[in-house]
There are 2 protein chains.
Amino acid sequence: MAAERRQGTRERILAIAREEFAQRGYSGTTIADIARRLGTTTAALYYHFTSKADILDSLLAEPLAAYGRLIEQTAAASMPAAALLAAYIDFTAETRELIPVIAADQSAMRALLDERLPRSPEEMTAAIIAALAGPQPSRAATIRAHAAFAVVKEATLAALATSDGRLAAPDRDEILTAALRALSE
Amino acid sequence: MAAERRQGTRERILAIAREEFAQRGYSGTTIADIARRLGTTTAALYYHFTSKADILDSLLAEPLAAYGRLIEQTAAASMPAAALLAAYIDFTAETRELIPVIAADQSAMRALLDERLPRSPEEMTAAIIAALAGPQPSRAATIRAHAAFAVVKEATLAALATSDGRLAAPDRDEILTAALRALSE
DNA sequence: GTCTATATTGTGATAGAC
DNA sequence: GTCTATCACAATATAGAC
């Protein structure tokens, strides 16, 4: 509480917004909700941010750019599947607090994703699947690629939900092993 | 088009709403959007449904009840993991058109889920994980259970996205095999 | 069953004082 | 930096004619 008050107001707004957006969704959260938890009025928010969308953008711009870089890197170098999956586990763990913001209100994110990602979310997922499935993949290999990607995304979040916020090394190994098993023929 | 016009107006509204909700999210879709695609006015919709929430409820009530029954069944009988995972693949395939409605605007679904599910979504997921992880599961076994569940959810949707709408038997086998591999020690 | 017109409310955003 | 006051608009919903 004391620590929270020592932060700049801007940072406190972002922290509150992150929690509210994750719980109620971006559309379901009002500026008034954030202002009330901050202990001020809606007008005060507009001194720190130009709009509600600006708050969302401030939260997600950097992580989305990082996600974009990760994809470019994946597409360029031909990474082994294990390295690629490990990279996604680590990325998910690092951005764990922001993933629920996107998941809670996917459709409201559309505009932001179009602006902040180098390619459409669908194309980016397709790039990952292609990298995991290998050249000239069979239909079965493509399905296994989807399976492995699903594992790194969801099992990582599940492991983090019952931990102190850091991903323990044994958990990371277990997730990676499970993903590689799902990918194997 | 001719076939669409032969349906009752109520059914046409539901079909349009399903598409719009899946694309723009429940919050992001207005009654006016639906009315425009229907070729009428918003007032006309209120002859067929009592509210916007009533449209959502009419779409999802039955599938959510079915999901609830599936969980009860899972918790009661001690199903083998393979049977349980297969049941979830089939359930996902059967309700494929409605899953995007929920996914697009998760937080807006909260009220409906509370009303239409026997337990909270979190508890229901926990029941599935418990059934997959077995009695007195290690942390690793719990992670593998999450991994297997992620596979049946996401790989099934991925397979359906590139098919005629039905889940082909070889695809179903491939998904089940990948899930069981992710679950295996 | 569908229309026009309108009531009502919620919410993002701004003006201007302090 | 924050306040009071208020605007503008969009969206759900209703009344009553046809």
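So you know, we letter chains A, B, ... as the sequences are listed, proteins then strands, and number each from 1. Fair warning: this is a prediction, and the values are worked out from it, not measured in the lab.
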same_hphob_cluster(M79(B), L70(B)) at 4.5 Å side-chain heavy-atom cutoff:
yes
Please tell me if T41(B) has a side-chain N or O lying less than 4.0 Å from either OP1 or OP2 of dT2(C).
no
Go through the side-chain N and O atoms of D54(A) and S51(A) and say whether any donor and acceptor fall under 3.5 Å apart.
no
Please state how far atom CG in L45(B) lies from atom P in dT2(C), giving the value in whole angstrom units.
9 Å
DNA chain C nearest-nucleotide lookup for Y26(A) and T9(B): closer to the 5′ end is T9(B)
Quick check on DNA chain C: between T40(B) and G28(A), whose nearest nucleotide comes earlier from the 5' end?
T40(B)
Determine, for E11(A) against R18(A), whether the closest basic-nitrogen to carboxylate-oxygen distance falls under 4.0 angstrom.
no
Grab the NE2-P distance between H48(B) and dC3(C) for me, whole Å please.
10 Å
How close do I71(B) and A127(B) get, counting heavy atoms only, and between which atoms?
CG2-CB, 4.2 Å
Could you check whether T29(B) gets within reach of a base, just the sugar-phosphate, or nothing at all, counting any heavy atom under 4.0 Å?
sugar-phosphate
Which residues within residues 105-114 of chain B lie with some heavy atom under 4.0 Å of an atom in DNA chain C?
none
Going by side-chain heavy atoms closer than 4.5 Å, which hydrophobic residues are tied to Y47(B), directly or by a chain of links?
none
Neighbour count >12 (heavy atoms, 6.0 Å) for atom CD, E185(B):
no
Return the value, rounded to whole Å, for the distance between atom OH of Y47(A) and atom C1' of dG12(C).
21 Å
Would you mind reading off the distance between I34(A) atom CD1 and dA13(C) atom P, rounded to a whole angstrom?
11 Å
If the sugar-phosphate is the primed atoms plus P, OP1 and OP2 and the base is the rest, what is the B/S/- string for nucleotides 13-18 of chain D, using protein heavy atoms under 4.0 Å?
BBB---
Looking at R24(B) and D105(B), is there a salt bridge between them, counting it only when a charged N and a carboxylate O are closer than 4.0 Å?
no
How many whole angstroms separate atom CG of L38(B) from atom C1' of dG1(C)?
11 Å
note: D33(B), atom CG; dT12(D), atom C1'; distance rounded to Å ~ 13 Å
Any side-chain heavy-atom pair of E94(B) and D90(B) under 4.5 Å:
yes
Greater than 12 external heavy atoms within 6.0 Å of R96(B)'s CZ:
yes
